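Worksheet: the structure to be examined is printed underneath.
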2 protein chains.
Amino acid sequence: MRIGELSRRTGVPVPTIKYYVREGLLPAGQLTSPNQAAYGEAHERRLRLIRALLDVGGLKVAAIAEVLAAVDDPAKSIHKVLGVASDLLVPRYPAAEPDEALLAAREQVDELVTQRGWQDVHDCPAKESLAMALATLRRVGHEDFVQVLDVYAEAAEEVARADLEAVAARSARSALDGVVESVIVGTVVGEAMFSALRHLAHVDRSSRMYGEAASHGQAAAGGDGEITR
Amino acid sequence: MRIGELSRRTGVPVPTIKYYVREGLLPAGQLTSPNQAAYGEAHERRLRLIRALLDVGGLKVAAIAEVLAAVDDPAKSIHKVLGVASDLLVPRYPAAEPDEALLAAREQVDELVTQRGWQDVHDCPAKESLAMALATLRRVGHEDFVQVLDVYAEAAEEVARADLEAVAARSARSALDGVVESVIVGTVVGEAMFSALRHLAHVDRSSRMYGEAASHGQAAAGGDGEITR
DNA sequence: TAGTATGGATAGCGGCACTGTCCACTATCC
DNA sequence: GGATAGTGGACAGTGCCGCTATCCATACTA
């Protein structure tokens with residue numbers, strides 16, 4: 001297959017494919033002559049994965065390059081890949097000097113971690129990310145929202161269990177290669193899935209709580225009664 | 001308070017504040033003379049909220065403007081605001097023409113919705129977002145990952161219940177204004193919190209499953225043994 | 001009264017994900 | 001075998017976005 005067909009099959013424009021190759025996301029095709037190269041199914045697959053990470057996961061091109069390097073690294077454990085995926089997926093804050101809210105939040109996080117008995121989590125960027133979120137609650141004057149933390153943690157544990165079970169199920173019948181990929185896909189797409197489900201559950205629940213007849217329209221069009229519509 | 005102090009208190013540079021005012025995120029200060037204006041505590045609060053939505057929520061400036069317009073709209077129900085928040089938070093895909101994977105995914109979503117008995121959810125963009133995620137799984141050859149859907153949905157329901165309870169708790173002792181804000185904050189910051197918690201739970205669980213001694217380093221540095229290190 | 005801060009307006013910047021153009025060549029169709 | 005379309009590779013340009021810099025006339029501040 002040449003680049004044009006690869007483009008047609010995946011819907012990714014040819015110049016974009018070239019760009020991905022330049023950026024190291026996609027290996028170059030097999031050169032058959034100075035200006036002719038052949039692409040295989042692996043390229044197609046990889047290209048779809050790239051688009052998934054880009055569109056659904058919202059990862060940056062540079063981050064995707066790192067993730068894919070980890071996928072292609074022949075010597076890595078699931079545990080390690082999960083760490084890499086976490087590290088690259090978790091938002092990275094530019095590390096200003098910590099204010100009071102952040103300091104308190106960090107303690108809160110450590111407390112939660114020990115209370116939950118979470119292992120091997122000590123230098124995990126997700127901890128800082130969580131602290132950031134908690135600190136933000138404090139800064140905007142909604143610290144009372146932390147009352148949800150336990151429910152969230154419990155739900156997160158169950159989600160994580162399901163995630164790793166899915167990975168294990170795949171590893172039972174697939175090469176390690178596909179397994180590592182499934183960790184990435186599960187982490188990234190799983191997040192999008194959960195986010196959407198949470199929104200749906202919000203709408204459902206608020207519909208039940210605040211009025212059967214309510215509907216939620218499509219933007220801030222503003223200005224009718226309190227609950228009804 | 002003048003703009004300089006507002007800047008000092010919030011850590012937001014003066015030109016950036018001016019920019020937010022221009023973009024309609026922040027109301028202008030009370031003019032006391034042609035080139036002198038006074039800002040109050042409300043401005044400070046609002047500014048922190050803007051930074052939260054921007055940094056933690058990753059919202060675009062334009063989307064924040066819409067959200068804040070909804071917050072300031074005196075006639076809106078919690079249910080409505082939640083809808084607006086959902087609509088603006090859920091990733092919006094540029095609507096290419098649906099392929100087979102997306103069509104199948106949409107059906108899957110509808111099935112889930114009826115099975116769960118979710119109400120008032122019919123034209124919710126989160127549905128499309130979920131369908132997108134499921135379609136992506138299919139396209140990258142990981143459709144088996146949908147086995148987690150039920151666990152996810154269950155977890156999402158519990159999270160949503162906790163979210164709305166927190167909002168209700170606040171509404172019991174605060175003006176409606178703060179309540180609407182709490183819906184926004186809860187939706188946005190809650191997502192970041194859950195994401196971080198899921199990552200932590202992943203690391204914990206995979207540590208338990210794949211080796212006590214494992215640790216997960218800080219990036220794709222590549223290349224040691226399978227589980228140990 | 002000198003120096004700094006302010007509101008308002010407009011132009012510019014840096015990052016990022018592409019996209020367009022050009023070239024010498026190759027594949028393909030008639 | 002000649003016209004047409006496609007190709008790999010290089011590099012410049014584009015469009016969006018969240019700021020940031022500069023300027024000006026005016027107003028507080030030491």
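No hydrogens, no waters, no symmetry mates; every other heavy atom, side chains included, goes into these values. Note that the structure is predicted; figures quoted are calculated from it, not measured. The sequence lines fix the lettering, A, B, ..., with proteins before strands; numbering per chain opens at 1.
- Contact footprint of chain A on DNA chain D: nucleotides with an atom under 4.0 Å from a non-hydrogen protein atom, first to last in 5' to 3' order, dG6(D) to dC11(D).
- Listed by chain and number, the residues in a salt bridge (charged side-chain N to carboxylate O under 4.0 Å, His left out) with D144(A) are R170(B), R173(B) (sequence neighbours excluded).
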Show me the donor-acceptor pairs, under 3.5 Å and distance only, between side chains in residues 10-18 of chain A and residues at least two apart or in other chains.
from   : atom 1 : to     : atom 2 : distance (Å)
T10(A) : OG1    : L6(A)  : O      : 2.8
T10(A) : OG1    : V12(A) : N      : 3.3

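- Listed by first and then second residue, the ring-ring contact (aromatic ring centres under 6.0 Å, His included) pairs that reach into residues 7-51 of chain B are Y39(B)-H43(B), sequence neighbours excluded.
- A search for side chain to side chain contact (heavy atoms under 4.5 Å, CB included) contacts involving V146(A) returns Q108(A), L134(A), L137(A), not counting sequence neighbours.
- Side chains of H79(B) and D120(B): a donor-acceptor N/O pair is present below 3.5 angstrom, by distance only.
- In this structure, the salt bridge (charged side-chain N to carboxylate O under 4.0 Å, His left out) partners of E128(A), at least two apart in sequence or on a different chain, are R106(A).
- Partners of F145(A) according to the ring pair (Phe, Tyr, Trp, His ring centres under 6.0 Å) rule, which considers only residues two or more places apart in sequence or in another chain, do not exist here.
- Shown here are the side chain to side chain contact (heavy atoms under 4.5 Å, CB included) partners of A65(A), two or more places apart in sequence or in another chain: L25(A).
- Legend: residues meeting side chain to side chain contact (heavy atoms under 4.5 Å, CB included) with A52(A), ordered by chain and number and at least two apart, are T136(B), V140(B).
- The separation between I50(A) atom CD1 and dC16(C) atom P is 18 Å, rounded to whole Å.
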Letter per nucleotide, 5' to 3', of nucleotides 17-30 of chain C [B base touched, S only sugar-phosphate touched, - untouched; heavy atoms, 4.0 Å]: BBB-----BSS---
Produce the list of close N/O pairs, under 3.5 Å, pairing protein atoms with atoms of nucleotides 1-4 of chain C; give distances to one decimal.
none

For residues 186-198 of chain A, which side-chain N or O atoms pair as donor and acceptor with protein atoms under 3.5 Å away, sequence neighbours left out?
from    : atom 1 : to      : atom 2 : distance (Å)
T187(A) : OG1    : V183(A) : O      : 2.6
E191(A) : OE1    : S195(B) : OG     : 3.3
E191(A) : OE2    : S195(B) : OG     : 3.0
S195(A) : OG     : E191(B) : OE1    : 3.3
S195(A) : OG     : E191(B) : OE2    : 3.0
R198(A) : NH1    : Y152(A) : OH     : 2.8
R198(A) : NH1    : D163(B) : OD2    : 2.6
R198(A) : NH2    : T187(B) : O      : 2.3

